[in-house]
Amino acid sequence: MDALAELIEALPESAVITDPDIVEGYRRDWSQDPDVGKPLAVVRPEDAGQVQVAVRWAAEHGVPVVPRGAGSGLSGGSTAVDDGIVLSLERMRAIEIDTDCQVAVVEPGAFNQEVKAAAAEHDLWYPPDPSSYEICSIGGNVATNAGGLCCVKYGVTTDYVLGLDVVLADGTLVTLGGKRIKDVAGLSLLKLFVGSEGTLGIVTRAILRLVPAQAPRSTMVATFPDTEAAARAVVKVRGALRPSMLELMDNASVNAVEDLRSMGLDRSAGALLVAQSDAPAGASADEVAVMQEACTAAGASEVFVTDDADEGEMFVEARRQAIPAVRAKGTLMLEDVGVAIPQLPDLMAGITAVGVEYDTDIAVIAHAGDGNTHPLIVFDEQDPDAARRAGEAFDEIMRVAISLGGTITGEHGVGRTKKRALPDQLGPDVMALTQRVKDALDPQGILNPGAIL
Ligand SMILES: Cc1cc2nc3c(=O)[nH]c(=O)nc-3n(C[C@H](O)[C@H](O)[C@H](O)COP(=O)(O)OP(=O)(O)OC[C@H]3O[C@@H](n4cnc5c(N)ncnc54)[C@H](O)[C@@H]3O)c2cc1C
């Protein structure tokens, strides 16, 4: 019996897919990393026990395992590798809300939006909100330590992870943390797995902290002549308070969204800030007033304020549509660079300069209140010179971020598309430490090989 036949026999009939047409749909994530392999099969377990069976089998035969949530990743983290298996957690989707402990106990394949909806039935809220919240899984969110739009005030995924069940590279299932709010027993192993991009273990269950439902929001939209002026406004706003949202779109992304679906955005705006306050009654008006003043002082040409929830949501939706809208313009290479807030105007200037130097279109959107930007490099892949310039611009933007003391990735992860720049940010000692951790947990190197390291 060949190795794969053993796995097929050990799991329920529908768990192992080898049909090439179906497997094709599991080879890439949203980044469309061109350096993609041909896997042996897609394995879709229904519970943690089946994950253990698959991983033990992989360990025995030295087969690479690429964990996969919903494939919305933007760094090639779940790009398939040759002769490996894609371990898709899509069938493990149970969600249980414990109102006494105010936690959600969630299987990894459940979508972020499904967790939010389940919590909302009990007047509770799971804050982390990637723009992709309708199409990404909790397992992927934990594995990338996903951020989002409200993280400027409410933090990122790791701030909500109280417990994890993880299947290790030898198939052992460990339970880390739990429903306890405070727990410092032992090394902080729980957090080691958050953001580990499937390279240290497979998350089979997460216990997520919930908070009371969010209060109604006031929305402010300000237009600026350019992204640097908008970034200066962000520095002023963040120096004064922490809004519940502070997002940026540049002229190219505003126009891409308008081309996709007319939403009444100002096509002439050099840059747009969308900010919200969810401070309790009365206080939100004060916060918006402070933000308005900061924007005007930084050179805003227009500032618009609304307490109407639907109107506010329309602007937020426009921001969420920006990545698909820009992607409709050509082949996309998507960056995720971030800096400390005071350096944001310099990063914006640096991104503009890279676009000029490499004669490449770069749209910019940003979780600006976190200093986390997404330069979106668009090019025509039929034009080899344009593709070369885009690739060089991609690397140069990461160098600019590092030169400003920043990071090559704020929330999407290193995956495969950014790993060549990781040593430049971390340096040899931290890279060596990272490798030692990887070797200790996955000595055969079967878990998501090629990602991060
Ligand atoms: C339009 C758009 C907007 C986006 N906006 C945001 C945003 O605002 N903020 C943000 O942070 N991200 C954003 N993303 C990126 C993406 O949605 C997130 O990275 C998300 O967390 C990926 O989840 P996924 O389920 O799709 O994971 P996948 O893409 O399937 O996998 C991502 C990584 O997680 C690993 N993984 C998945 N499941 C598990 C598991 N159970 N155990 C171990 N490892 C696992 C994979 O191996 C891979 O390394 C956006 C993506 C799109 C397409």
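Position 1 is the first residue of the sequence, and the numbers go up from there. Atoms considered below: every heavy atom in the structure, side chains included; atoms not considered: hydrogens, waters and symmetry mates. Note that ligands are numbered from 1 as they come in the structure, with each ligand's atoms numbered from 1 the same way.
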Should D424 and K418 count as an ion pair when the cut-off is N to O under 4.0 Å? no
Of the non-hydrogen atoms in L168 and L200, which two are nearest, and what is the gap between them? CD2-O, 4.2 Å
State, to 0.1 Å, how close G312 and T219 come at their nearest heavy-atom pair, and which atoms those are. CA-OG1, 3.4 Å
Using a threshold of 4.0 angstrom between heavy atoms of the protein and any atom of ligand 1, which residues qualify? W30, P67, R68, G69, A70, G71, S72, G73, L74, G77, S78, L89, P108, P130, S131, S132, C136, S137, G139, G140, N141, A143, T144, A146, G147, G148, E197, G198, G201, I202, V203, I323, P324, H367, E411, H412, N448
Are the side chains of K116 and W125 in touch, meaning some heavy atoms are under 4.5 Å apart? yes
Output yes when R420 and D395 qualify as a salt bridge under the 4.0 Å nitrogen-oxygen rule, no when they do not. yes
If the test is side-chain contact (heavy atoms from CB on, under 4.5 Å), which one of D165, V166, V51 qualifies with I202? V51
